[in-house]
2 protein chains.
Amino acid sequence: MLYAGSMSTVPPPSPPPQQPLEPLELPQVGVEIDEPCLRADAARNRARLLEAAALLVAERGADGLTMEAVAAAAQVGKGTVFRRFGDRTGLLTALLDHSEKKFQAAFLSGPPPLGPGAPAAERLRAFGVAMLRRTVDELELQLAAEPCADRRFTNPPRRVLHHHVTLLLREAVPEADCDLLAHTLMAPLDPALVHHLTRQSAMPLARLESAWSDLVDRVTGPAASAR
Amino acid sequence: MLYAGSMSTVPPPSPPPQQPLEPLELPQVGVEIDEPCLRADAARNRARLLEAAALLVAERGADGLTMEAVAAAAQVGKGTVFRRFGDRTGLLTALLDHSEKKFQAAFLSGPPPLGPGAPAAERLRAFGVAMLRRTVDELELQLAAEPCADRRFTNPPRRVLHHHVTLLLREAVPEADCDLLAHTLMAPLDPALVHHLTRQSAMPLARLESAWSDLVDRVTGPAASAR
DNA sequence: AAGAAAGTGGACCGCGGTCCGGTTTAAGTG
DNA sequence: CACTTAAACCGGACCGCGGTCCACTTTCTT
């Protein structure tokens, strides 16, 4: 439970409560969040849905994953799917949750150079490479799970990654605007871009990796005081 | 006519031809493309549609822009809207076309430092600032017009911008992988990010601008030969 | 046992996108 | 100019999907 992935239900389904301030807590590294602990039937249906979804994706591709289809395959009402996962993106995200947590564990507490122990710049290099590999592996799902426009920077997994990069940057280049720099740095790891480059432009993964490395060098290098 | 904006109909509407190779020519800077020159009624309807669309956006916001609504407002069939603009994104893009062309003209042939005549790094700085301003101005439309995932890097306007940045980078840092670097550099100008930062995080525009400037410095600076 | 909370499911809605029979336009042709 | 014809265009019925809603059922607690 590194960031309270989609193991949990979509926040408070709907009814009364809604903390007025800090509606979304910045996911602290390694924080534990009490899982809502679903009711028996709900948990059963959740499992069935995930299983059915994975099956559907496997045999028809991510585009073939229809909310209605997955509901039918799991012998469950359509409304149940939405109650559990919020929307289509939520379902896709849940499918990626496993790998997401593994990845988080790797860079939060795994062995160097990805995990703590190595110098920041080196960790950044390792981070990009690992991320690229993971993205390529799950390209189809990652692409399908990408939320549309206004939620692209608001979803928890993304915020965890961004937060991590920000911390590393603060260590490597304390004088920079690390928050913004982190956003920039993460751009070449974006699934949509990776897809465009590797699939539509047939660019070898190695080139992406070396470009990432160069980028880290440039960014963590001296802050050319030009201008 | 800088890149054959959406003044033209969606490519060849549908029927027979389809050049097997180079289905989308990289928009050369300043290239002219013969406009299909619509039939009289088609041109009239196109104008009406754009007018109606602009009106609808003005009074109900970009989210209120429905293909059916704009068709009705222009007293035209729904099919016509799709035939003319391909899809919703196409319509939104057409609405932005005017400003797009103006912007292109500014950095392709306008006065320095945005246009030719200034050193590359300086042009890059100007480019980012201008782009940020424009994006903030038309945030709502830009956001709504953003194509989903797999077409985000394939649309002509984006390619023109990317091409331009690539050229400037080649001038400023010939030893780098300028194609990829351009993608990275353009990330902080992405409408979705700008929206997230300025609207959802209340970050002042000035900070984005200065971060851009710093970024250009870092990127065009010495390629720290670490590693 | 009984009430409250949580969960369920399928009818329903709106919108983006497709399709195809009918209509209009524009370029020949006598 | 009148007429013909083929291509371009039009429009609205139609489809599928994502998402909502709410009356009903199941589970949990005491």
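Owing to the predicted nature of the structure, the values given are computational and were not obtained by experimental measurement. Chain A is the first sequence line, chain B the second, and so forth, proteins listed ahead of strands; every chain is numbered from 1.
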[X]: side-chain contact (heavy atoms from CB on, under 4.5 Å) partners, not counting sequence neighbours:
X       : value
A:Asp41 : A:Arg39, A:Arg44
A:Ala74 : A:Arg48, A:Leu49, A:Ala52, A:Val76
A:Glu59 : A:Leu55, A:Leu56
B:Glu51 : none

Whole angstrom value for the distance that separates [atom2] of [N] from [atom1] of [X]:
X       : N      : atom1 : atom2 : result
A:Asn45 : D:dT25 : CG    : P     : 17 Å
A:Arg83 : D:dC22 : CZ    : P     : 14 Å
B:Arg44 : D:dC9  : CZ    : P     : 13 Å

Does A:Asp190 come within less than 4.0 Å of B:Arg152, counting only side-chain N to carboxylate O? yes
Only distances under 3.5 Å count here; give the side-chain donor-acceptor pairs of residues 128-143 of chain B to other protein atoms, sequence neighbours excluded, each with its distance to 0.1 Å.
{"unit_1": "B:Arg133", "atom_1": "NE", "unit_2": "B:Glu209", "atom_2": "OE2", "d": "3.1"}
{"unit_1": "B:Arg133", "atom_1": "NH2", "unit_2": "B:Glu209", "atom_2": "OE1", "d": "3.4"}
{"unit_1": "B:Arg133", "atom_1": "NH2", "unit_2": "B:Glu209", "atom_2": "OE2", "d": "3.1"}
{"unit_1": "B:Arg134", "atom_1": "NH1", "unit_2": "B:Ser99", "atom_2": "OG", "d": "2.5"}
{"unit_1": "B:Arg134", "atom_1": "NH1", "unit_2": "B:Glu138", "atom_2": "OE1", "d": "3.4"}
{"unit_1": "B:Arg134", "atom_1": "NH2", "unit_2": "B:Glu100", "atom_2": "OE1", "d": "3.0"}
{"unit_1": "B:Thr135", "atom_1": "OG1", "unit_2": "B:Met131", "atom_2": "O", "d": "2.9"}
{"unit_1": "B:Glu138", "atom_1": "OE1", "unit_2": "B:Ser99", "atom_2": "OG", "d": "3.4"}
{"unit_1": "B:Glu138", "atom_1": "OE1", "unit_2": "B:Gln142", "atom_2": "NE2", "d": "3.0"}
{"unit_1": "B:Glu138", "atom_1": "OE2", "unit_2": "B:Ser99", "atom_2": "OG", "d": "2.7"}
{"unit_1": "B:Glu140", "atom_1": "OE2", "unit_2": "B:Ala62", "atom_2": "N", "d": "2.8"}

Of residues 48-55 of chain B, the positions that come close to DNA chain D - non-hydrogen atoms, cut-off under 4.0 Å: none
Between C:dT25, D:dA8, C:dG9, which nucleotide has the shortest distance from any of its atoms to the side chain of B:Ala40? C:dT25
Whether each nucleotide of nucleotides 14-23 of chain C has a protein heavy atom under 4.0 Å at its base (B), only at its sugar-phosphate (S) or at neither (-) is summarised, 5' to 3', as -SBBB-----
Residues forming a side chain to side chain donor-acceptor pair (under 3.5 Å) with B:Arg207, sequence neighbours excluded: A:Asp177
Scan residues 130-159 of chain B for pairs that pass ring pair (Phe, Tyr, Trp, His ring centres under 6.0 Å), counting only residues two or more places apart or in two chains. A:His196-B:Phe153, B:Phe153-B:His183
